[in-house]
Amino acid sequence: MNAKRLQKLNELFQAFSMIAESNYIYLCDMKENYSRWSKSAVDFFNLPSEYMENAGLIWEEYIHPDDRESYHKSIEAIFSGQATGHDMQYRALARDGTYIACTCRGVVIRDEDGNPEYFGGAIKNHGLLSYIDTLTGLRSLYGFFDDLKTIFWKHDDSVILLVGTTGLSNINDIYGYRFGNHILQKLSVLLKETFANYGSVYRMDGTKFAVIAHELSPEMLSNLYKQLKNQAAHDFYVQNEHISLSLNAGIVKIDNFNISNETVYSCLKYAYYESKSRRLGEPVIYADTLTDDNRLEIEKLNVIRNSVSENCKGFYLCYQPIMDAITEQLKGMEALIRWKNELYGTISPVQFIPILEQDPLFPELGKWILQHAMEDGNKIIKKYPNFIMNVNLSYAQLEQNNFADTVLDLLEKTGFPAKNLCLEITERCRLLDVNLLKAIFEKFRNYGIRVALDDFGTGFSSLGILRELPFDTIKIDREYVKNVEKSVPDQHTVEFISNLADAYSAELCIEGVETEEMRNFLLRYGANSLQGYFYSQPITMEQFIQKYIPKSEKN
């Protein structure tokens, strides 16, 4: 194999390794039929070498005879150009003579002419959860959760820090992925030095690390992090290169053991992303992110989280009508999630949605909201055939690979017309890759699904999102409306957003309309639709039907 292609193979292998966590990595140069495999895979399965010719045929000999035929067909389809990758399970023979259940996922990377050039992916060993991160030598994510379980079992008061770096991809573009690995190794050393004698350090997913401390207060842990942050920004060298790392951190104190470790981790990630998206990397202590008037105790969050796993028990939808600005006839409604139980009463979504967004369970709740909104929307369409059902989306849903297909499947399942659905996103979705959003939007538009930008103007990147993505509707946040009759700056802001909507051929919806005077004042700005308490507060579906569908038409 020539040196240039070998170098490229190794560089791509490093790229795969950066995101693979504890999985075994393989990468094949399809033009040379020459592959590189993780050393850990070589050791565990007793493979001939990290570098192999005809690795597909070699690996086939390790696969259980009963699984071999399906594997062989999959590899043939990939190398013949019929398949773009595979996602399959099989049993593979380990060094000790036992067969281990594995999941293998791989993709084909094509060259500039569209021909298959590389085939690479990862193999997850279901018989082995590695508690040690091979890159840094730290306890891994699995080790973190194992130790977290011990903390709960012993009722051991602790404080957890989640810290990570942003911008590593830009550094990788300049120096290469191998250099990026060196950065993570150096950062792990710095973490161990900073928190020596204070706590245990863990390598988490991607570029994040965690610290579990037993003798420190959240404030003390926060101060140590600030020292780490300063050193990473000003005195961090890798291979004689000065690198300025930007760090973010979230902190959670564990002194309540009537909750799950998953709930703790969701709170930890929520605090971390508050640090990343709103605090410029300053440490965020979870308890301090909630106001006194709107405090959600962690016990409530734990109950709400468990409700999601119990078929969304306790959740229900309310709906706020959206009115045509000129005719004041019903134009649509927005679905709004609520949660209630006998112990805590009704809890507002602003108290639990931002935290649950960090939880792996959240897409399940999002799917429940979509399905029930569509089913309820079917009750309105007979009377109002052009009626639009607006449903809010979270970036946690949009970042799922199959989210667009999930929406389409629900439309088919419920029979709700795609043209009557409008999905609302907020500027928080700036956290997602814009190309991912473009692909999702394009698929929605092909089916007639509308997309709205909610709470426009509340985030520093709203204008950037509007330039990049084709929205059907822009919704002005109520913050710019509540004083609009008296505030000249707010009047200019509403006028500016109205002109933007017109420039981008989007409809304008104004939220927060509270009074008749406010409505009359806002009509001068060319809104297409209005929404607010002047027309109705959020109400249940039964109340909505009573209000907007005459008795003679309900059946």
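Values in this document were obtained by computation on a predicted structure and should not be read as measured data.
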D409 backbone acceptor or donor facing E412 side chain under 3.5 Å:
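Side chain of E412 to backbone of D409, a donor-acceptor pair under 3.5 Å: no, none is there.
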
Out of curiosity, [X] [atom1] to [Y] [atom2], how far, rounded to the nearest 0.5 Å?
{"X": "N261", "Y": "L148", "atom1": "CG", "atom2": "CG", "answer": "5.0 Å"}
{"X": "E60", "Y": "I58", "atom1": "CD", "atom2": "CD1", "answer": "11.5 Å"}
{"X": "L93", "Y": "H64", "atom1": "CG", "atom2": "NE2", "answer": "9.5 Å"}
{"X": "Y62", "Y": "R95", "atom1": "OH", "atom2": "CZ", "answer": "9.0 Å"}

Are the side chains of [Y] and [X] in contact, using a 4.5 Å heavy-atom criterion?
{"X": "I251", "Y": "I160", "answer": "no"}
{"X": "F444", "Y": "L421", "answer": "no"}
{"X": "L247", "Y": "Y225", "answer": "yes"}
{"X": "L268", "Y": "Y286", "answer": "no"}
{"X": "I183", "Y": "K186", "answer": "no"}
{"X": "L411", "Y": "I449", "answer": "yes"}
{"X": "I63", "Y": "R91", "answer": "no"}
{"X": "P470", "Y": "R445", "answer": "yes"}

Partners passing side-chain contact (heavy atoms from CB on, under 4.5 Å) against [X] (at least two apart in sequence or in another chain):
{"X": "L138", "result": "T136, S188, K192, V201, R203, F209"}
{"X": "I381", "result": "N378, F416, P417, N420"}
{"X": "E193", "result": "V189, L190"}

N-O pairing of [X] and [Y] below 4.0 Å:
{"X": "K39", "Y": "D43", "result": "yes"}
{"X": "K438", "Y": "E442", "result": "no"}
{"X": "K149", "Y": "D146", "result": "no"}
{"X": "E424", "Y": "K475", "result": "yes"}
{"X": "D359", "Y": "K269", "result": "no"}

Relative to each other, are the rings of [X] and [Y] parallel, tilted or perpendicular (30° and 60° limits)?
{"X": "W37", "Y": "Y26", "answer": "tilted"}
{"X": "H182", "Y": "F179", "answer": "perpendicular"}
{"X": "Y237", "Y": "H242", "answer": "tilted"}
{"X": "H86", "Y": "Y71", "answer": "tilted"}
{"X": "F144", "Y": "Y265", "answer": "tilted"}
{"X": "F315", "Y": "W368", "answer": "tilted"}

Count the heavy atoms of every other residue, nucleotide or ligand shown that sit under 6.0 Å from [atom1] of [X], and state whether that count exceeds 12.
{"X": "Y316", "atom1": "OH", "value": "yes"}
{"X": "N446", "atom1": "CG", "value": "yes"}
{"X": "E69", "atom1": "CD", "value": "no"}
{"X": "N402", "atom1": "CG", "value": "yes"}

Testing the 3.5 Å rule here: is there a donor-acceptor pair between the side chains of [X] and [Y]?
{"X": "E334", "Y": "N392", "result": "yes"}
{"X": "T263", "Y": "S260", "result": "yes"}
{"X": "T414", "Y": "E375", "result": "no"}
{"X": "D147", "Y": "Y202", "result": "yes"}

Give the intermediate values and the outcome of side chain to side chain contact (heavy atoms under 4.5 Å, CB included) for residues R450 and F471.
CA-CA 8 Å; R450 301 167 63 85; F471 288 97; over 6 Å; no

With a 6.0 Å cut-off on the ring centroids, do W59 and F45 count as close?
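So the answer is yes for these two rings.
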
Show the numbers, then the answer: is there a salt bridge (charged side-chain N to carboxylate O under 4.0 Å, His left out) between K31 and D111?
CA-CA 11 Å; K31 294 182 178 181; D111 61 18; 2.9 Å; yes

A cation-pi test, strictly: NZ or CZ of K124 under 6.0 Å from the centre of the six-membered ring of Y24 and no more than 45 degrees from its axis. Yes or no?
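Judged by the rule (NZ or CZ under 6.0 Å from the ring centre, within 45° of its axis), K124 is not positioned above Y24.
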
Which heavy atom of A83 sits nearest to which heavy atom of V108, and what is that distance?
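Looking at all heavy atoms of both residues, the shortest contact is O-CG2, 4.0 Å.
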
